[in-house]
Every structure is written in structure tokens, then in C-alpha cells.
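Residue numbers begin at 1 in each chain, while the letters A, B, ... track the order of the sequences.
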Amino acid sequence: MSSSLKFYNTLTREKTAFQPIDADNVRMYVCGPTVYDYAHIGNARPAIVFDVLFRLLRHVYGDTHVTYARNITDVDDKINARALRDHPGLPLNDAIRLVTEKTETQYHQDIAALGCIEPTVEPRATDNIPQMVTIIERLIARGHAYVAEGEVLFDTKSMTDYGQLSKRPLDEQQAGARIAVDVHKKNPGDFVLWKLSSHNEPGWDSPWGRGRPGWHIECSAMSERYLGEVFDIHGGGLDLIFPHHENEIAQSRCAHGTHVMANVWMHNGFVQIEGRKMSKSDGNFITIHELLATETFGGRQWPGEILRLAMLMTHYREPIDFSVKRLEEAERLIAKWPAADAPDASVAPCPIVIEALGDDLNTVAAVQRLHQLAQEANADRALLPMFAASAALLGVLPKMAEVDEAVAAAIDALIGMRLEMLKAKNFAEADRIRNELSDKGIQLKDTKDAATGERVTTWEVKR
RNA sequence: GGCCUCGUGGCGGAGUGGUGACGCAGAGGACUGCAAAUCCUUGCACCCGAGUUCGAUUCUCGGCGAGGCCUCCA
């Protein structure tokens with residue numbers, strides 16, 4: 001493979017060349033949503049960022065040679081709470097299913113609007129309980145986990161190099177002293193693999209009784225099932241580094257006896273509002289749905305492609321301060337880009353765009369180049385396919401507006417009338433026609449024929 | 001307290017040991033009957049201090065400032 005990809009690896013804190021374990025099957029896992037409520041725009045960032053990465057990998061290694069797994073977390077105490085709150089009359093399992101199905105559907109609609117293509121597999125935690133039990137059994141058998149007071153806990157002291165990802169040695173953690181030190185834990189940093197459920201909590205039978213999994217174990221189980229014990233890339237938000245990913249690593253490595261879980265760990269930065277992390281628990285967040293379908297942000301709705309472009313205008317590891325001004329700039333940019341259908345695979349994207357993306361997903365440079373290509377394509381239609389292929393790689397290609405032939409003919413007729421009015425210097429009538437079309441969302445553009453100096457009018461559907 | 005990021009013009013943002021990207025907005029102009037679109041021109045910056053260097057925005061150290069993780073969290 002000639003294209004060279006480099007990614008910043010949280011594990012080493014360095015940008016290094018990417019070498020897939022198997023170029024015929026490049027494997028990536030990304031932590032997906034916990035489905036209890038609308039996803040906020042901060043949740044959209046990893047979905048978009050790793051969607052771009054997925055597209056890039058598919059371009060480099062081939063569409064059928066990349067496996068992208070993104071999970072749905074549908075077992076969680078927040079889901080239970082939401083189910084009890086919203087559907088108090090129903091049996092718990094039914095209430096939970098209502099909450100998770102509704103939220104999952106909404107999530108899929110939201111990120112589809114943001115231009116994200118579907119991952120190869122999207123496993124659910126509840127479909128992988130036996131796999132989790134198997135891993136926990138293995139951890140116990142290998143002396144990395146123990147049972148105490150109805151919980152199965154991971155024994156962090158049993159792993160000599162625990163803390164590599166977050167660079168947080170165990171002894172130093174105690175300085176924080178904010179970890180709830182339960183007496184039944186051998187060490188304060190030990191975390192739950194399995195906990196018993198009461199009657200009004202969802203539960204599954206296990207060797208340790210009817211219970212439910214801890215937070216981290218699902219990703220270990222699902223990544224193993226779909227990607228193998230060791231895979232190429234694991235992604236997620238910065239806040240997952242500790243404890244979630246650290247503990248995933250501990251579980252997977254100790255269960256499998258491997259030196260790494262994933263070779264490359266990539267983490268996206270936060271979306272901020274007024275300089276602070278957007279967070280559900282802090283209450284300062286705006287949902288994707290609100291941006292798309294309501295006027296709560298900036299007094300208007302925002303198309304998904306604008307939200308996506310605004311997101312890609314900042315490097316994925318940097319924080320983004322979400323603002324109306326930023327969205328407006330994205331809108332101005334995209335408004336100048338030509339619409340096109342995605343070309344077939346025979347049209348190569350611009351090498352500069354590929355190179356930019358290959359340099360630790362430098363979407364900023366890629367978008368800048370795209371903007372140049374757009375201007376070139378506007379001047380010379382022959383360059384349109386390359387622009388379109390490049391834009392498609394980023395997932396930000398403006399779609400051709402659907403206009404049927406009869407309408408187009410009517411527009412052309414009106415344009416013909418306007419040109420006649422102009423020749424007759426009947427400006428009032430000419431402007432009336434222009435305004436009439438404008439009101440219907442048709443923007444006229446007057447240019448001059450270079451050879452004859454004659455006025456030439458073209459039109460497009462306003463975006 | 002421990003551990004991580006980051007600090008570039010009005011805004012967004014690359015990048016580099018040595019001619020101060022680029023985009024958006026702004027200003028001026030061309031074109032136009034007037035617009036829109038397009039094109040041309042243009043002002044504005046590298047947190048502070050010390051060090052290394054012939055030379056630092058770029059390297060080192062120290063400040064200051066912002067944010068994050070250590071508790072559910074993308």
C-alpha cells in the first residue's frame with residue numbers, strides 16, 4: 001500500500017506510521033452511545049471523526065478490507081432510571097426496551113443526518129452477555145479477578161503494568177482520594193466486572209447469580225468477538241481514557257495474555273460551550289436533534305452537513321468551542337461549493353486531501369484544500385469530479401438538488417423572458433421575475449460570455 | 001495534590017529555526033441598469049521572561065493563562 005498513514009497514539013503519546021496487523025482486514029473499534037437520551041453534539045464528534053477515519057481506511061485498504069465496530073450500550077443504570085421514570089406502569093424489561101429502542105432509532109437518524117455511514121457491525125451489550133461472562137470466568141481463573149460481596153471485581157494489583165494508557169500508576173491514584181473506597185475491594189482502583197441485580201433491576205443468570213455487567217466489560221467482549229483479541233485502532237472521547245479504556249485494556253490483556261489490546265488508541269477532544277466541556281451531567285449541552293430540527297440554537301435549524309463541516313474545521317484532538325459564528329462560517333463555505341453526485345471509484349480524490357487526512361486526520365488542511373478545489377471546479381467543470389471525489393471522502397459533498405425536468409424547463413423559460421425584458425430595458429419586469437424565482441429558492445447568476453460579451457444567466461437551487 | 005492537553009491576526013485555524021499559509025469576516029476596486037455570483041487589491045498575529053543560536057513564533061527552562069482526567073461522561 002503506497003499511501004502512508006500516521007496517527008497520534010495515546011498509548012505512546014507520539015504520532016507514528018500506521019501498520020495494520022492484516023491489510024486485508026483492518027479492524028477498528030469505537031465506543032458508541034449509551035442509549036438513554038438524545039445524543040448531544042459532543043457525542044457527535046467521535047461519530048463524525050471516526051467516520052472520516054473509516055472512509056479513509058476504506059479508501060486506502062479497500063472498501064471490503066476494513067471492519068469498523070461501534071457498540072450500542074443498552075445496559076446501564078441510567079437506562080434503568082430513565083425507564084422507571086418514563087414508563088412507571090410497565091414491567092421493567094418492557095420499559096427498558098422502549099427507552100433503548102427509541103433512543104437508538106433517534107441516534108441513528110441523528111448521525112445519518114450528519115453524514116456518517118454505518119459501521120460494519122454495531123453490536124449491543126445485551127446481545128453479548130455470555131461473551132462477557134466467559135471473559136470474567138477467564139479473568140477469575142487466571143487470578144485477575146475475585147468475588148466479594150456479590151460482585152466480581154478486577155484485581156488491579158494483579159496486572160503489573162496497569163495504567164499505561166492514562167500514565168497513571170496505581171499508587172498515585174490514591175492521592176486523589178476521590179475513588180469510593182469500598183471495604184470489599186482489595187485495592188481502591190479495583191473495578192466491577194459483574195454485580196448482582198435486585199428484583200427491579202435488569203439481570204442475567206451467571207455463575208455468580210442473577211446480575212448485570214460492569215461498565216467496561218462489554219467493550220472487551222464485543223471487540224474480541226468482532227475484531228479479535230488484538231486489533232488495530234480503538235477510538236473514543238478523551239474522557240474515556242480513564243477509567244474506561246484503561247480498564248478495557250486491563251480486562252482484555254489479562255484475559256487473553258496479550259501485550260496490547262489495540263495497537264493505536266485515538267481520542268477526540270471535547271466540544272465546548274462557552275469554553276467549558278459539554279456534558280450531560282453538568283446540564284450544559286445541546287442535542288444533535290435540537291440543532292437539526294429546532295430553533296433553540298441561534299434561532300434557526302442547522303442542516304447536518306453544516307454541523308459536520310463545522311466539526312471538521314478543527315483538528316479532532318483540539319477542543320471546539322461550539323458557536324453560531326462557527327456554524328455560519330461553515331455554511332458560507334459550503335454554499336460556495338458545487339453540488340454533485342458522488343463519483344464512482346474510478347475518480348481519485350485529490351492527493352493533497354488524502355495526504356492531509358493521512359497525517360493524523362488533518363481535516364482542517366483537507367477542508368482548506370477542498371475549498372480550493374471547489375473554486376477551481378466552479379471555474380472549470382472538468383475539475384468537478386476530483387472535487388466531488390475528495391468531498392465524498394470527507395463526507396461533505398453537497399447533494400444535487402432534485403429538480404424535475406418540467407420545473408427546470410419552466411425556470412429556463414422565465415430566464416428567457418427576463419433576458420428579453422433586459423434587452424428592452426424593462427428592468428422592473430426583469431427584477432420581478434428574478435425576485436419571483438428567488439422566492440421559490442432559485443438563485444440566478446449572471447455572467448458574461450467571454451467571447452461575445454453577451455449576458456449569460458445560469459441558476460441553482462439555493463442551499 | 002497527581003497526571004494530561006493547549007495558548008498564532010476580529011474569528012477559525014495550519015505550519016516552520018531565517019522571504020510573517022490559508023479561509024471567513026472587514027476595507028477598497030472591477031463587473032452590473034441595480035443586485036447576487038465572480039474576480040483583483042488590502043490592513044491586522046505568533047501569552048510573558050530567560051536561555052541555546054548568526055537568527056526563534058518554531059528548541060530548552062521558568063512563569064502566567066485556559067481546558068480536561070483522577071466520580072457517570074464522547
Exercise. Base, sugar-phosphate, or nothing: which does A:Gly269 touch, judged by heavy atoms less than 4.0 Å apart?
Worked result: base
Problem set entry | Nucleotide of B:A74, B:G12, B:A35 approaching A:Arg455 most closely (side-chain heavy atoms) | B:A35
Problem set entry | Residue whose closest nucleotide on RNA chain B lies nearer the 5' end, A:Lys280 versus A:Pro319 | A:Pro319
Exercise. Rounding to a whole Å, what distance do you find between A:Tyr316:OH and B:U5:P?
Worked result: 13 Å
Exercise. Can you check side chain to side chain donor-acceptor pair (under 3.5 Å) on A:Tyr316 and A:Asp360, steps first, answer last?
Worked result: CA-CA 9 Å; A:Tyr316 76 94; A:Asp360 196 29; 2.6 Å; yes
Seminar exercise, completed: Whole-Å distance, A:Glu329 CD to B:C24 P, equals 8 Å
Problem set entry | Euclidean distance, atom CG of residue A:Leu53 to atom C1' of B:A74 [Å, nearest integer] | 16 Å
Exercise. Which nucleotide sits closest to the side chain of A:Arg276: B:A25, B:C69, B:G68?
Worked result: B:G68
For this session: Look at the side chain of A:Met313 and decide which nucleotide, out of B:U5, B:C69, B:G12, has an atom nearest to it.
Result: B:G12
Exercise. Which residue, A:His371 or A:Gly237, contacts RNA chain B at a nucleotide closer to its 5' end, judged by nearest heavy atom?
Worked result: A:His371
Exercise. Between B:G23, B:C11, B:G33, which nucleotide has the shortest distance from any of its atoms to the side chain of A:Lys325?
Worked result: B:C11
Exercise. Rounding to a whole Å, what distance do you find between A:Leu370:CG and B:C24:C1'?
Worked result: 16 Å
Exercise. Between A:Arg369 (side chain) and A:Ile354 (backbone), is there a donor-acceptor pair under 3.5 Å?
Worked result: no
Exercise. According to the Watson-Crick and G-U wobble definition with distances under 3.5 Å, which dot-bracket string, read 5' to 3', encodes RNA chain B, using [ ] for crossing pairs and | for pairs with another strand?
Worked result: (((((((..(((.....[...))).(((((.......)))))....(((((..]....))))))))))))....
For this session: For A:Gly42, answer base if it contacts any base atom (sugar-phosphate contacts may also be present), sugar-phosphate if it contacts only those atoms, and nothing otherwise; contact means non-hydrogen atoms under 4.0 Å.
Result: base
Exercise. For the side chain of A:Arg434 and the base of B:A35, is some donor closer than 3.5 Å to an acceptor across the two?
Worked result: yes
Exercise. Hey, does the side chain of A:Lys277 come within less than 4.0 Å of B:C69's phosphate (OP1/OP2), counting only N and O?
Worked result: yes
Seminar exercise, completed: Winner on side-chain proximity to A:Leu422, out of B:G12, B:G10, B:G33, is B:G33
Exercise. Would you say A:Arg326 reaches B:C11's phosphate, i.e. side-chain N/O to OP1/OP2 under 4.0 Å?
Worked result: no
Problem set entry | A:His371 and A:Trp337 aromatic ring geometry - parallel, tilted or perpendicular at 30°/60° bounds | tilted
Exercise. The side chain of A:Asn362 lies closest to which of these nucleotides: B:G33, B:G15, B:U5?
Worked result: B:G15
Exercise. Is the Lys NZ or Arg CZ of A:Arg70 less than 6.0 Å from the centre of A:Phe50's six-membered ring, within 45° of the axis?
Worked result: no
For this session: Please state how far atom NE2 in A:His40 lies from atom C1' in B:C72, giving the value in whole angstrom units.
Result: 11 Å
Problem set entry | Summary of protein contacts for nucleotides 36-41 of chain B, nucleotide by nucleotide, where a base hit scores B, a sugar-phosphate-only hit scores S (4.0 Å, heavy atoms) | BSS---
For this session: Return the orientation label for the A:His234 and A:Tyr29 ring planes: parallel under 30°, perpendicular over 60°, tilted otherwise.
Result: tilted
For this session: Could you check whether A:Lys78 gets within reach of a base, just the sugar-phosphate, or nothing at all, counting any heavy atom under 4.0 Å?
Result: sugar-phosphate
